[in-house]
Amino acid sequence: MLRIELTADDLLRSRFALSPLFELNGLLRVLSGLSRRRLPSGLAARSRPAYRRLLAETDLAAVQALQWPRGGAGFLVPPPTSLAQSWDDELAALRAVPLDEARRDIAHCLRQRPTDDPAVLDVLHSDDVRERLTTTLDRAWRELLAAEWLRLRAICERDVVHRAGLLGRAGWAAAFEDLHKHVRWHEGALQLRRPGPDEVIGADGNGLLLIPSVFVWPAVAVHTDDPWPRALVYPARGTAALWQTTPTAPGALGELLGQSRARLLTALDEPASTTQLAHALSLAVGAVGDHLAVLRRAGLVDRARSGRSVLYRRTALGDALTAGAEAREAVAPGSPKASPHATAST
């Protein structure tokens with residue numbers, strides 16, 4: 001059990017952030033076989049040939065040599081600083097890592113997972129190791145994940161919007177409540193159930209960094225190494241939908257509203273912007289805006305400004321229509337129904 005104790009000052013400084021580098025790292029771990037997590041079928045088909053090409057043409061083998069099943073090089077995945085973290089920000093942070101810190105981290109990784117590959121060791125012991133690894137990760141990003149990032153970012157941003165709403169209504173305890181089945185808030189600390197001895201750490205007045213992620217699903221990760229702030233990486237809500245082999249059909253709701261409007265209404269179980277919905281559903285932003293205008297005139301959705309974004313959400317009427325359609329789909333014609341006289345057995 002890991003216990004991260006958070007004072008009132010820590011909670012005041014706790015915040016959300018996004019990490020493109022962590023997502024790339026998660027994808028690389030799956031492609032290398034270090035992680036047993038599956039990939040969505042479409043992403044797997046696109047990324048595996050590119051991954052093999054990167055191994056042959058770049059220093060990616062050296063990047064992967066710094067990973068092992070339960071850990072990896074911390075300097076290659078520094079915690080992000082904000083929700084606005086861009087890929088260029090990540091590259092700048094990598095290049096700013098002190099060389100002596102990178103070398104200590106590399107030595108630790110090689111003790112965890114020794115290698116005698118001369119090509120890999122040549123990269124890791126070179127004077128320009130930071131630049132070579134950064135250049136490799138930049139190319140891996142462009143060839144493996146850049147095209148997917150807007151859709152994945154939309155999923156993570158919607159998670160933050162959901163938790164910000166909980167935080168505003170009921171405080172941090174509510175925002176922490178369903179982060180992960182192995183994480184809970186208890187007596188002034190966030191507790192993470194994990195193998196190994198019990199450990200208690202503080203946040204040292206720096207707060208906790210909360211990072212929603214797609215590729216950490218269905219697990220959770222924690223970053224406790226100084227000098228970075230304490231960071232918890234958890235599965236973003238809605239991530240599991242990426243692993244569905246076929247999209248959920250709107251059914252009768254689609255016949256009533258049209259397929260695109262039904263998908264939009266169903267997707268608005270949490271507030272979202274036009275751009276987020278467009279990326280999540282692979283629709284044009286303009287088309288989403290037109291459909292939302294129709295749904296709003298019909299009283300099925302409403303909107304409110306949140307910072308610089310306009311967020312849409314279902315109204316009570318939209319909730320009722322969606323719930324009714326789902327209930328009718330769940331009891332399709334010819335499906336078995338419970339007898340009114342049936343009793344439970346033990």
Side-chain angles (χ1 to χ4, degrees), residues 16 18 20 23 40 42-43 82-86 145-170 174-175 178 212 214 235-330 332:
F16 292 93
L18 296 181
E23 298 303 89
L43 179 58
S82 72
L83 287 170
Q85 191 90 350
S86 69
L145 207 54
E148 309 282 346
W149 177 238
L150 288 178
R151 182 167 63 122
L152 303 185
R153 185 185 187 96
I155 291 173
C156 294
E157 287 178 340
R158 290 188 71 185
D159 176 275
V160 173
V161 169
H162 166 75
R163 296 190 191 283
L166 293 175
L167 176 61
R169 291 192 298 273
D178 63 343
V214 169
R237 291 166 58 90
T239 295
L242 291 173
W243 273 258
Q244 292 177 349
T245 55
T246 56
T248 302
L253 193 61
E255 296 174 8
L256 176 66
L257 301 175
Q259 295 296 308
S260 295
R261 289 172 193 161
R263 291 175 65 204
L264 281 167
L265 190 63
T266 302
L268 282 171
D269 52 345
E270 296 169 12
S273 69
T274 302
T275 303
Q276 290 169 344
L277 290 167
H279 292 320
L281 300 177
S282 299
L283 296 171
V285 174
V288 169
D290 292 342
H291 290 313
L292 287 172
V294 173
L295 293 173
R296 186 165 175 256
R297 289 197 298 270
L300 299 177
V301 304
D302 59 17
R303 64 185 183 182
R305 181 164 291 279
S306 176
R308 290 187 240 176
S309 299
V310 174
L311 301 181
Y312 289 82
R313 69 177 74 217
R314 286 199 302 252
T315 62
L317 178 59
D319 285 340
L321 183 60
T322 305
E326 290 174 349
R328 291 188 66 83
E329 291 292 329

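All values below were derived from every heavy atom in this structure, side-chain atoms included, with hydrogens, water molecules and symmetry-related copies excluded. All residue numbers in this chain count up from 1 along the given sequence. Nothing here was measured: the structure is a model prediction, and the numbers come from that model.
Partners of A174 by side chain to side chain contact (heavy atoms under 4.5 Å, CB included), not counting sequence neighbours, listed by chain and number: L166, A170. For S260, the side chain to side chain contact (heavy atoms under 4.5 Å, CB included) partners two or more places apart in sequence, or in a different chain, are L283, H291. Remark: R163 engages D159, D178 in a salt bridge (charged side-chain N to carboxylate O under 4.0 Å, His left out) (not counting sequence neighbours). The salt bridge (charged side-chain N to carboxylate O under 4.0 Å, His left out) search around R153 returns E157, not counting sequence neighbours. For E148, the salt bridge (charged side-chain N to carboxylate O under 4.0 Å, His left out) partners at least two apart in sequence or on another chain are R46, R151.
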Steps toward side chain to side chain contact (heavy atoms under 4.5 Å, CB included) verdict (L152, L145): CA-CA 9 Å; L152 303 185; L145 207 54; 3.9 Å; yes

Between L277 and R158, is the side chain to side chain contact (heavy atoms under 4.5 Å, CB included) condition met? List the steps. CA-CA 9 Å; L277 290 167; R158 290 188 71 185; 4.3 Å; yes

Going through the checks in order, is the side chain to side chain contact (heavy atoms under 4.5 Å, CB included) test met by L264 and V301? CA-CA 10 Å; L264 281 167; V301 304; over 6 Å; no

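The CG atom of L268 sits 13.5 Å away from atom CZ of R303, with the distance rounded to the nearest 0.5 Å. Taken to the nearest 0.5 Å, the OG1 atom of T275 stands 9.0 Å off from the CG atom of L150. Of the inter-residue distances, the one linking L292 atom CG with D302 atom CG reads 11.0 Å to the nearest 0.5 angstrom. Between L253 atom CG and Q259 atom CD the span is 9.0 Å, to the nearest 0.5 Å.
A donor-acceptor pair is defined here as one N or O able to donate and one able to accept, closer than 3.5 Å; no such pair exists between the side chain of S273 and the backbone of L311. A donor-acceptor distance shorter than 3.5 angstrom exists from the side chain of T315 to the backbone of G299, with no hydrogens or angles considered.
The nearest pair of heavy atoms linking L300 to L257 is CD1-CD2, 4.2 Å. Of all non-hydrogen atoms in P212 and C156, the two that sit nearest each other are O-SG, 3.6 Å.
Counting only residues at least two apart or on different chains, the salt bridge (charged side-chain N to carboxylate O under 4.0 Å, His left out) pairs with a member in residues 315-324 are R314-D319.
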